[in-house]
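Residue numbers start from 1 in every chain, and the chains themselves are labelled A, B, ... in the order their sequence lines are given, proteins ahead of strands.
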Amino acid sequence: MHGTRAKRGDAKTLGHENPSAESIFKPYLQQRPLFKKDRDILRPSYIPERLPHRDMQIDTLASILSTALKGGRPSNVLIFGKTGTGKTAVAKYLGNAISKAAGERALPLGVGPEELARVHFVYINCEVVDTQYGVLAHIGNRFISDWDERIPFTGWPTEKVYDQLKRQIDELGGVTVIVLDEIDKLVYKSGDDVLFHLTQINDDLSRGALSVVAISNDLKFTEFLDARVRSRLGEERLVFPPYNAKQLQDILAQRAELALEAGMYDESVIALCAALAAQEHGDARRALDLLRVSGELAERDGAPRLTDAYVVKAKNKIELDCVTEVVRTLPLQSKIVLIAIYASENRGEGASTTGEVYDAYRDLCRRAGYTPLTQRRVTDFISELDMLGIITARLKSFGRGGRTREISLGVSSGELRQVLVEDEMVRDLVDFVPTQQKLP
DNA sequence: TGTCCACTGGAAGGGAGGGCTT
DNA sequence: AAGCCCTCCCTTCCAGTGGACA
């Protein structure tokens with residue numbers, strides 16, 4: 001591959017002239033492809049025609065939702081399971097299936113008693129849409145094609161959005177199934193008002209009905225729900241256990257067969273991806289990412305086939321990319337807090353306390369001409385950085401010395417520095433050494 | 001056993017910005 | 001234009017906390 005690329009500047013291209021547009025891509029196009037056309041098959045968001053090792057969960061959920069096809073309201077369902085255990089895939093898979101089944105039955109027959117068998121499916125990821133208003137508006141807008149009639153993303157009183165939603169569900173008739181993925185994020189951020197509304201909406205509907213399928217990877221979030229909401233929402237419960245290495249291997253083998261050219265990858269690659277993902281609580285998402293990224297790395301290298309070595313490279317790349325992306329997208333103030341922690345660590349003083357980090361942060365703000373935020377706000381940034389895994393903040397009591405958090409970097413300071421200097425807003429602060437004495 | 005320290009983290013509320021209604 | 005509602009970001013206030021120390 002590298003040899004081929006070296007030939008780009010041949011006799012036709014004079015000396016240091018850039019190669020022609022065609023010749024830049026030629027070596028890549030001549031390569032024997034590793035991926036078949038649709039490489040998205042290896043993305044966790046792809047829903048295959050068959051979901052291995054989830055038959056029991058599919059059967060259970062299908063039996064609950066099938067009530068909708070008979071014109072009844074299915075029970076609300078609570079689904080629990082760790083990341084990458086197939087919760088979202090199963091919900092979407094059945095959502096597509098039920099919409100299709102309902103469409104096939106209801107459409108040719110038109111209006112009539114069969115109207116009851118209409119099923120409408122809405123999927124919402126509550127990490128993206130995380131406010132009460134947002135969820136209600138999102139559901140309402142799902143059925144409005146005319147842009148002018150859409151519910152604005154802000155501006156209306158929530159009650160009005162709720163009334164509009166009720167009207168729409170009634171006008172549509174049939175059963176509307178709403179999947180609220182990562183529901184715990186919504187509850188922790190905005191409370192359970194929206195669940196209260198959605199689970200009691202059937203009392204106010206005359207023609208339509210609504211069922212909620214709530215998905216969470218946090219078993220404890222129900223403790224934060226009002227007792228009425230908890231009982232209405234948890235009419236049925238379903239748990240998705242983690243996949244073991246063998247099951248992950250089956251999932252990967254199925255996807256590899258669809259996405260990769262036969263004979264272009266070692267069989268051991270599948271086993272290795274599965275084993276690495278199994279170590280992390282059987283996360284299929286992680287396993288698929290590993291396989292896809294190793295394939296992409298091998299392709300970029302022009303390797304004759306995908307081998308275990310690329311899986312190891314992919315593992316490191318994914319870990320690094322994850323940190324890079326998170327740090328890059330941090331808000332400015334959060335980045336300055338992170339630089340304050342980085343600076344303390346670089347001074348070789350080991351872990352620092354909240355007070356020390358705040359002093360360094362204020363110092364950095366003064367230096368850069370930014371107005372520093374209060375310590376209370378900075379405490380929140382520290383918690384967020386800890387949650388993202390960029391730093392480690394352990395609560396520790398020093399007796400009379402008070403109680404505070406001991407803060408240290410959770411990622412390599414070299415890699416962190418690389419990402420931070422990319423941002424011109426904070427570039428000059430990265431190597432700044434804050435004063436060590438306490439500020440007034 | 002009570003005191004004290006340096007916070008933590010919840011609650012309440014201000015204000016800016018976006019948008020709708022009258 | 002004025003009034004209202006919503007979200008987001010932030011400040012202010014303050015009760016609560018764990019453990020060393022007197």
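What you find for A/T199 and A/R232 is that their closest heavy atoms are O-CD, 3.5 Å.
Atom CD1 of residue A/I336 and atom CZ of residue A/R367 lie 12.5 Å apart, to the nearest 0.5 angstrom.
Atom CZ in A/R394 sits about 16 Å away from atom C1' in B/dC7, given to the nearest Å. Regarding A/Q333, its CD atom lies at a distance of 19 Å from the P atom of C/dC8, rounded to whole Å. Put simply, CG on A/D380 is 15 Å from P on C/dC8, counting in whole angstrom units. If you measure from atom CD of A/Q375 to atom C1' of C/dC14, you get 15 Å, rounded to the nearest angstrom. The interatomic distance linking A/F381 (CZ) with C/dT11 (P) rounds to 9 Å, in whole Å. At whole-Å resolution of the value, CD1 in A/I336 and P in C/dC10 are 11 Å apart. The CG atom of A/L395 sits 19 Å away from the P atom of B/dC5 (whole-angstrom rounding). Here the P atom of nucleotide C/dC5 and the OH atom of A/Y133 are 13 Å apart, to the nearest Å.
Applying side-chain contact (heavy atoms from CB on, under 4.5 Å) to A/L198 and the options A/N76, A/L165, A/L233 leaves one that passes, A/L165.
Between A/K160 and A/D163 there is no salt bridge, since none of the side-chain N atoms of the basic residue sits less than 4.0 Å from a carboxylate O of the acidic one. Salt bridge annotation for A/D283-A/K82: absent, with no cationic side-chain nitrogen under 4.0 angstrom from a carboxylate oxygen. A salt bridge between A/R167 and A/D170 is absent, with no side-chain N of the basic residue lying under 4.0 Å from a carboxylate O of the acidic one. A salt bridge links A/K313 with A/D301: the distance from a Lys NZ or Arg NE/NH1/NH2 to an Asp or Glu carboxylate oxygen falls below 4.0 Å. A salt bridge links A/E235 with A/R73: at least one charged nitrogen is closer than 4.0 Å to a carboxylate oxygen. The pair A/D380-A/R376 counts as a salt bridge, with a side-chain nitrogen and a carboxylate oxygen less than 4.0 angstrom apart. Taking 4.0 Å as the cut-off between side-chain N and carboxylate O, A/D386 and A/R405 do not count as a salt-bridged pair.
Backbone-only contact: A/K160 has heavy atoms under 4.0 Å from sugar-phosphate atoms and none from a base.
Closest to the side chain of A/R405, out of C/dT7, C/dC10, B/dG9, is B/dG9. Here B/dC7 is the nucleotide among C/dC9, C/dT7, B/dC7 with the atom lying nearest to any side-chain atom of A/T354.
Residue-to-nucleotide proximity on DNA chain B shows that, of A/R376 and A/W156, the 5′-proximal contact is made by A/R376. Positionally, the nearest nucleotide of DNA chain C for A/P157 lies more toward the 5' end than for the other of A/P157 and A/D130.
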Measure all distances between protein nitrogen or oxygen atoms and nitrogen or oxygen atoms of nucleotides 17-20 of chain C, and list the pairs falling under 3.5 Å.
| residue | atom | partner | partner atom | Å |
| --- | --- | --- | --- | --- |
| C/dT17 | O2 | A/R403 | NE | 2.9 |
| C/dG18 | N2 | A/G399 | O | 3.1 |
| C/dG18 | N3 | A/S397 | OG | 3.1 |
| C/dG19 | O4' | A/S397 | OG | 3.0 |
| C/dG19 | N2 | A/G399 | O | 2.8 |

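For C/dC5, neither phosphate oxygen OP1 nor OP2 lies less than 4.0 angstrom from any side-chain nitrogen or oxygen of A/T158. Between A/T379 and B/dT8 there is a side-chain polar atom (N or O) within less than 4.0 angstrom of OP1 or OP2.
End-to-end axis angle of the helix from B/dT1-C/dA22 to B/dT22-C/dA1, using five pairs per end and rounding to 10°, comes to 30°.
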